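None of the values given here were measured: they were computed from a predicted structure.
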Amino acid sequence: MSNNLATFLPLVLIVLVFWFLVIRPTRKRQQQVSSVQSSLGPGSQVMLSSGIYGTVVSVADESVRVEIAPGTTIKVARQAVVRVVEDSAAPTDQPTPDQPGSGTDDGPAPAGSSDSSDEH
């Protein structure tokens with residue numbers, strides 16, 4: 001009897017580890033996304049699965065209208081909304097110092113571009 005138990009014990013342990021590492025977190029995530037999608041309302045700041053941030057304008061049974069820029073709304077499936085974001089978590093339109101076009105360049109000057117002329 002104990003020999004049969006010893007044979008099945010590794011299989012049972014593998015199933016338990018699989019359950020705790022794969023199935024359980026997936027179910028929790030699905031429940032979280034489902035609760036986010038059911039709590040949507042006009043004015044909510046959201047992030048879509050594509051990474052687009054916007055404000056919910058209207059909600060229908062299967063779709064949501066999201067304003068992504070002033071005067072620009074898109075209609076997306078309700079499942080495309082992956083989370084509701086706080087105002088501070090939404091990206092701003094201001095460039096950061098490491099983005100192109102930020103107006104700050106603290107790097108070294110390219111070779112041969114010095115202001116003083118060494119020619120005689």
Side-chain angles (χ1 to χ4, degrees):
M1 181 71 175
S2 66
N3 198 12
N4 288 338
L5 182 63
T7 304
F8 289 112
L9 188 61
L11 181 63
V12 170
L13 288 175
I14 289 172
V15 169
L16 285 174
V17 167
F18 183 77
W19 173 264
F20 281 109
L21 294 179
V22 177
I23 296 174
R24 192 167 176 238
T26 302
R27 280 191 179 174
K28 284 180 124 176
R29 178 71 182 138
Q30 287 173 343
Q31 288 174 348
Q32 288 174 342
V33 169
S34 178
S35 70
V36 163
Q37 292 170 357
S38 65
S39 69
L40 290 177
S44 300
Q45 299 285 326
V46 296
M47 185 183 85
L48 305 178
S49 59
S50 60
I52 297 174
Y53 288 85
T55 304
V56 175
V57 176
S58 65
V59 179
D61 290 337
E62 297 293 320
S63 64
V64 178
R65 286 215 171 262
V66 179
E67 183 178 36
I68 57 174
T72 305
T73 61
I74 57 175
K75 181 179 179 181
V76 296
R78 189 182 277 254
Q79 291 81 10
V81 177
V82 293
R83 68 178 169 146
V84 175
V85 295
E86 301 298 322
D87 290 335
S88 62
T92 62
D93 292 336
Q94 302 297 325
T96 59
D98 60 339
Q99 287 180 329
S102 64
T104 60
D105 185 20
D106 296 334
S113 66
S114 65
D115 290 338
S116 63
S117 174
D118 290 335
E119 297 179 16
H120 295 265

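- To the nearest 0.5 angstrom, R27 atom CZ is 8.5 Å from Q30 atom CD.
- Taking 4.5 Å as the limit, some side-chain heavy atom of V84 sits within range of a side-chain heavy atom of L40.
- Residues V66 and T73 form no side-chain contact, since every pair of their non-hydrogen atoms from C-beta on lies 4.5 Å or further apart.
- Residue V36 is grouped with residue V56 when hydrophobic side chains (ILVMFWY) are merged at heavy-atom distances under 4.5 angstrom, including chains of intermediate members.
- A single hydrophobic cluster is seen to contain both I74 and V81, as judged by linkage of ILVMFWY side chains at heavy-atom distances under 4.5 Å, directly or through other members.
- The shortest side-chain heavy-atom distance between V46 and V64 does not fall under the 4.5 Å cut-off.
- Between the side chain of T26 and the backbone N or O of V22 there is at least one donor-acceptor pair closer than 3.5 Å.
- Cluster annotation: F18 is connected to F20 through the hydrophobic network of ILVMFWY side chains, with a link wherever side-chain heavy atoms come within less than 4.5 Å.
- Rounded to the nearest 0.5 Å, atoms OG (S44) and CZ (R83) are 14.0 Å apart.
- Note: I52 CD1 to M47 CE = 10.5 Å, rounded to the nearest 0.5 Å.
- Between V59 and R78 the shortest side-chain heavy-atom distance falls below 4.5 Å.
- Considering CD1 of I68 and OG of S50, their distance stands at 9.0 Å, rounded to 0.5 Å.
- Side chain of S63 to main chain of A60: no donor-acceptor pair is present (N/O by atom type, distance under 3.5 Å, no hydrogens or angles).
- Residue V17 is not grouped with residue V15 when hydrophobic side chains (ILVMFWY) are merged at heavy-atom distances under 4.5 angstrom, including chains of intermediate members.
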